[in-house]
Amino acid sequence: MNQSSRSLAGLLSVVVLGICARAGAAPTEYLGLNTHLPADDVLDAAQDLGVAWVRIDLNWYQVQPASGTTDFSAVDKVIDAAIKRGLKVFPTIGYAPDWDAEADTDGVSNNNVPKTGEYQKFCKTAAARYQGKVTHWGLWNEPNLTTFFDGTRQQWLDRVVVEGVKGIKAGCPTCKVLGPELATIGTSPDAWLKDALKALKTAGLMFDVITWHNYSSFIENKPSWMCWDGDLFANDLDSHRVCLGVSLGLSPREVLVQEGLSSLEVWITETGYTAAVSDTAATTKQVTHYRRVLEEQLKKSWWTNTFFYEIVDDNSISDKWGMAVRSGSSPSYPSSYQLKPVWSFVKKVLQNQPAFGGTGTDCADGLDNDGDKLIDYPKDPGCASASSTSEGKSSDGGVGDGSATKADGRPVGDGHRDARRGERGAISTDGVLGSTDAPPGGLDGPAPSGCSCTLEGGGSTTARGGALWLLLVVLSLRLRPRSRIP
Ligand SMILES: [Ca+2]
Ligand SMILES: [Ca+2]
Ligand SMILES: [Ca+2]
């Protein structure tokens, strides 16, 4: 080999090594964003942030507004634009057009129960159309909230859960079906989840990935939280709430374990924290929420993807769930965007944390990887430098507990259901019900009176909680020493 060949070889090896170093390890964890039906600039923003996935609305009633009319063009455009940017698309198929559904019973259009066989047919059509482009499909959105499903649990099981899985698999046999997309508030999400799993088992089917939504908060954002204030994030994940010795329902993960389905992967497809861009205290808490979510995801092998709600504030309503504010009549990224602090935080995690495909280390990823409340070099003494690969403890960097039932040792009660529901509107940017829209106000769960008295879920937890507290109040009054003053 002559000198120039050696130089060339050396250069090539440097280039190859450089590419390998930049590429980092294959990710084991993923992040996504709720985007509704995004414009190109919103997809530009998602691409720049570095997330792997976007969740989009595939609203059946918009694609088939009238009998005999089918128009996928708006969805085609979004899916192609996302793929072009290297984003994976997770569409949620929701909401029957009224012409193809049972009678309205609540005065809300497009949340009615699909007629028998119709959701299956539509899911098959959509899955077949996007075969090769879309690999993961979500069935409906928060069906245990009446705003989104104007029917009974049994109707949902029959017409959405079982039919939906059949329809997707018929249209795209290699696709994965995800559900049940329950809100972990409202009517007995644990019972709805359990019934969905049982119905699918009976039909010889199962979800490929389990999804649910979790807006409950963390103790860091609600330090005065008491157990009667409602569920914490952990309680709506894998560790049900216990209040004064009373067990309150089951967490979704506990239901999976109970049903022998602990090996199923879990995605949290909605979580977030509302913060007006000008409110420094709130945007700080928003960062804390995101950080705690990601720290928890890294600890649990069965939880592999999180979709934050949502990429930008919805300007049509007063909520402030976005990671950024987007303005202008024909916005572009980044010139029309005002980024909240959480934007750079998430970017830092994605760029650095190897589990998310980042090329940095635990000691520079913005996360407390070992649970000692100290983050990165130089604050965490486990880090000798910013390039140290570990914050130092045995649980560090754990991309999974590896066990279906392992208790991960974190303190119980690290969250608090916050005011998300009450501040959130029912409609999306385009002024119509979107598959992934959150419910209107007043749905923020059992909170102050919300201790339920059942281990097994089902029934009205709020009612039982109220009864329990009434009993405790009566007992405490009766047991009080009587005044000696006449
Ligand atoms: Ca209705
Ligand atoms: Ca760290
Ligand atoms: Ca630490």
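In what follows, residues are counted from 1 in the order of the sequence shown. In listed order, ligands and their atoms are each counted from 1.
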State the atom name: nearest N, O or S atom of D372 to the Ca ion (ligand 3).
OD1
Could you identify the N, O or S atom of D370 positioned closest to the Ca ion (ligand 3)?
OD1
If you measure from NZ on K169 to CH2 on W137, what distance do you get to the nearest 0.5 Å?
13.0 Å
N/O/S atom of L374 inside 3.0 Å of the Ca ion (ligand 3), strictly under:
yes
Hey, what do you get for CZ (F207) to CG (L193), rounding to the nearest 0.5 Å?
8.0 Å
Does the shortest distance from the Ca ion (ligand 1) to an N/O/S atom of G107 fall below 3.0 Å?
no
What angle sits at the Ca ion (ligand 1) between OD2 of D150 and OD1 of D106, to 10°?
80°
Begin with the C-alpha distance, continue with both residues' side-chain angles, and end with the deciding distance and a verdict on ring-ring contact (aromatic ring centres under 6.0 Å, His included) for Y290 and F345.
CA-CA 9 Å; Y290 279 54; F345 167 75; 7.6 Å; no
Can E220 and T288 be counted as having a side-chain donor-acceptor contact under 3.5 angstrom?
no
Have H213 and T184 got a donor and an acceptor in their side chains that come within less than 3.5 Å?
no
Atom of D104 closest to the Ca ion (ligand 1), considering N, O or S atoms:
OD1
Metal-centred angle, O of V108 through the Ca ion (ligand 1) to OD1 of N112, rounded to 10 degrees
100°
E29-N305 side chain donor-acceptor pair, cut-off 3.5 Å
no
Pair D362-S390, side-chain donor/acceptor within less than 3.5 Å:
no
Using 3.0 Å as a strict upper limit, say whether an N, O or S atom of N111 approaches the Ca ion (ligand 1) that closely.
yes
Protein N/O/S atoms closer than 3.0 Å to the Ca ion (ligand 2):
D362 O, D365 OD1, L367 O, N369 OD1, D376 OD1, E391 OE2
Using salt bridge (charged side-chain N to carboxylate O under 4.0 Å, His left out) as the criterion, point out the one residue from D229, D231, D190, D236 that pairs with R241.
D231
Any side-chain donor-acceptor pair under 3.5 Å between D98 and S109?
yes
Is the closest side-chain donor-acceptor distance between N221 and Y273 under 3.5 Å?
no
